[in-house]
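We count ligands from 1, going down the list as the structure has it; atoms in each ligand are counted the same way. Fair warning: this is a prediction, and the values are worked out from it, not measured in the lab.
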Amino acid sequence: MTTPLVEVRDLVKHYRPAGWFNRNAPSIRAVEGVSLEVAPGETLGLVGESGSGKSTVGRAVLRLEVPTGGTIRFEGRDLADLSPAELRATRRRMQVIFQDPFGSLNPRRTIGASIAEGIEIHGLAPAAEIPARVDALLEEVGLDRNYRHRYPHEFSGGQQQRIGIARALAVEPAFIVCDEPVSALDVSIQAQVLNLLLDLRERHGLAYLFIAHDLAIVRRIADRVAVMYLGTIVETGPARTVISDPRHPYTRALVSAVPHPDPDRQGDRIVLEGEPPSPSAPPPGCPFAPRCFHSQRDRRCDQERPLLRMVEDRQVACHHEG
Ligand code: ADP
Ligand code: MG
């Protein structure tokens, strides 16, 4: 096996709740022991409902926040061991695309200046060559090169996301965290931006950590998938088989909500009861136990947290699978 590009081991991230009135409140356990790997050129889909900790994992991988526990390695090196200069150099190789591209663009700079910024900071091209680089990047993401003089508000949501992608691409990364990059776009535009991400992955050999709550999208782009629930991974394995034959009850519920291309093969929709528990007070046993509908669900589920175990071609954290 090749060395993973990104290797996360036992990542934990707890937040102190904000505000004086909350000073004695329990920590928010956003991520509770997540391990994952992304190989060069590979796409790992990270799915789960809102609040399950996906973005926190993404930010920790990029070291936009310092983890409470665990290690993150990039190209084999622990990010915590890097000097500030080494961390800056490493950060260039790992980029991020956010759900809200407008929020990540400076409204007072032309998009040409925004795209050029990273190239300048990292000294990736002599000044005289930067305009041509920016033109090539615009073209690569499907935008007219004359747009470089315009400002972010002059673009549609889909175009803004293309600009965000051009910015990320400008610094020649090996790895991009895509945090719900198409969730805010119209369905017709979603497919175009997804196709662009697929093309760029091919052309530049990029690896993605692709965060989404929509399994239909993940099925299109991911090689492997990791399903998060309340700060933990409950199932992980090849995207194709996990999505076509999910084993963890939570994954089964998620998959049942995705429309099947062939209506005759659409199974019954599993509607989950209640809300996920609060990450400030997670249940002592299986995090999914309070909502679980597994036929063998028993007291052990309420008392003992299941660990990920191999079940055929994937890993599942359930006492009653495998
Ligand atoms: P997701 O991306 O899956 O929707 P997040 O990683 O954004 O989930 O959040 C996981 C949990 O951590 C949520 O309960 C969220 O409210 C909490 N959280 C995220 N960021 C912070 C923060 N900066 N301060 C306090 N709580 C946070
Ligand atoms: Mg998020």
Side-chain angles (χ1 to χ4, degrees), residues 6 8 10-36 38 43-70 72 94-104 157 161 164 168 176-185 190 193-194 197 208-218 221-222 224-236 242 248 250-251 253-255 257-258 272 274-283 287-288 290-291 305 317:
V6 178
V8 175
D10 305 319
L11 176 67
V12 174
K13 180 69 192 182
H14 293 174
Y15 293 106
R16 294 293 312 151
W20 187 81
F21 286 105
N22 286 325
R23 69 198 186 283
N24 294 322
S27 299
I28 299 156
R29 298 158 174 253
V31 178
E32 272 297 44
V34 160
S35 297
L36 55 84
V38 187
T43 297
L44 175 67
L46 192 59
V47 302
E49 65 205 305
S50 175
S52 55
K54 306 180 298 296
S55 295
T56 303
V57 170
R59 287 195 303 268
V61 166
L62 299 166
R63 205 145 177 109
L64 298 174
E65 0 199 1
V66 177
T68 307
I72 318 265
M94 22 207 267
Q95 291 293 304
V96 59
I97 301 168
F98 293 106
Q99 176 173 349
D100 169 23
F102 188 70
S104 54
Q161 195 54 287
I176 304 182
V177 173
C178 304
D179 193 350
E180 311 236 16
V182 301
S183 303
L185 304 177
Q190 283 190 348
V193 172
L194 209 56
L197 290 169
Y208 294 146
L209 178 64
F210 193 94
I211 299 173
H213 59 262
D214 185 340
L215 272 181
I217 287 174
V218 171
I221 197 163
R224 286 185 304 116
V225 65
V227 181
M228 279 191 80
Y229 189 80
L230 207 67
T232 69
I233 292 178
V234 296
E235 182 160 3
T236 182
V242 168
H248 193 282
Y250 176 63
T251 321
L254 276 187
V255 169
V258 180
L272 290 180
E275 298 273 309
S278 161
S280 305
F288 190 61
R291 299 167 90 189
R305 180 166 147 188

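Across every non-hydrogen atom of V34 and T232, the tightest pair is CG2-CA, 4.2 Å. The shortest non-hydrogen separation linking V12 to E32 is CG1-OE1, 3.9 Å. Nearest heavy-atom pair across F210 and P181 is CE1-CG, 3.6 Å.
Distances from atom 11 (C) of ligand 1 to the heavy atoms of G51, G48, S50, S280 put G51 nearest. Nearest residue to atom 7 (O) of ligand 1 from P276, G58, S55 is S55 (criterion: closest heavy atom). Of the candidates M228, H213, K54, K54 brings a heavy atom nearest to atom 3 (O) of ligand 1.
A distance-only check finds a donor-acceptor pair linking the side chain of Y208 to the backbone of L197 [under 3.5 Å].
Put simply, atom 15 (C) of ligand 1 has no protein non-hydrogen atoms near it, under 4.0 Å away.
For residue T56, no N/O/S atom approaches the Mg ion (ligand 2) to within less than 2.8 Å.
Interface of E49 with ligand 1, defined as ligand atoms under 4.0 Å from a residue heavy atom, comprises 3 (O). Which parts of ligand 1 touch P279 is read off a 4.0 Å heavy-atom cut-off, strictly below it: atoms 14 (O).
For the atom pair CG of L209 and OG1 of T43, the computed distance is 9.5 Å after rounding to the nearest 0.5 Å. One distance of note links CZ of R224 with CG of L46; it measures 11.0 Å at 0.5 Å rounding.
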For this session: Before giving the answer on side chain to side chain contact (heavy atoms under 4.5 Å, CB included), spell out for S35 and V8 the whole-Å C-alpha distance, their side-chain angles and the decisive distance to 0.1 Å.
Result: CA-CA 5 Å; S35 297; V8 175; 5.7 Å; no
For this session: Please lay out, stage by stage, how T236 and V242 fare under the test side chain to side chain contact (heavy atoms under 4.5 Å, CB included).
Result: CA-CA 7 Å; T236 182; V242 168; over 6 Å; no
For this session: Go through the steps to decide whether S50 and H213 satisfy the test side chain to side chain contact (heavy atoms under 4.5 Å, CB included), and finish with yes or no.
Result: CA-CA 7 Å; S50 175; H213 59 262; over 6 Å; no
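Given atom 12 (O) of ligand 1, the protein heavy atom at minimum distance is A30 CB, 3.3 Å. Here the heavy atom of the protein found nearest to atom 17 (C) of ligand 1 is I28 CG2, 3.9 Å. Scanning the protein heavy atoms around atom 8 (O) of ligand 1, the nearest turns out to be G53 N, 3.2 Å. Closest to atom 27 (C) of ligand 1 among all protein heavy atoms lies Y15 CD1, 3.3 Å. Looking only at protein heavy atoms, the nearest one to atom 5 (P) of ligand 1 is T56 OG1, 3.6 Å.
Using a 4.0 Å cut-off between heavy atoms, H14 makes no contact with ligand 1 at all.
Taking only nitrogen or oxygen atoms, main chain and side chain alike, R16 does not reach within less than 3.5 Å of ligand 1.
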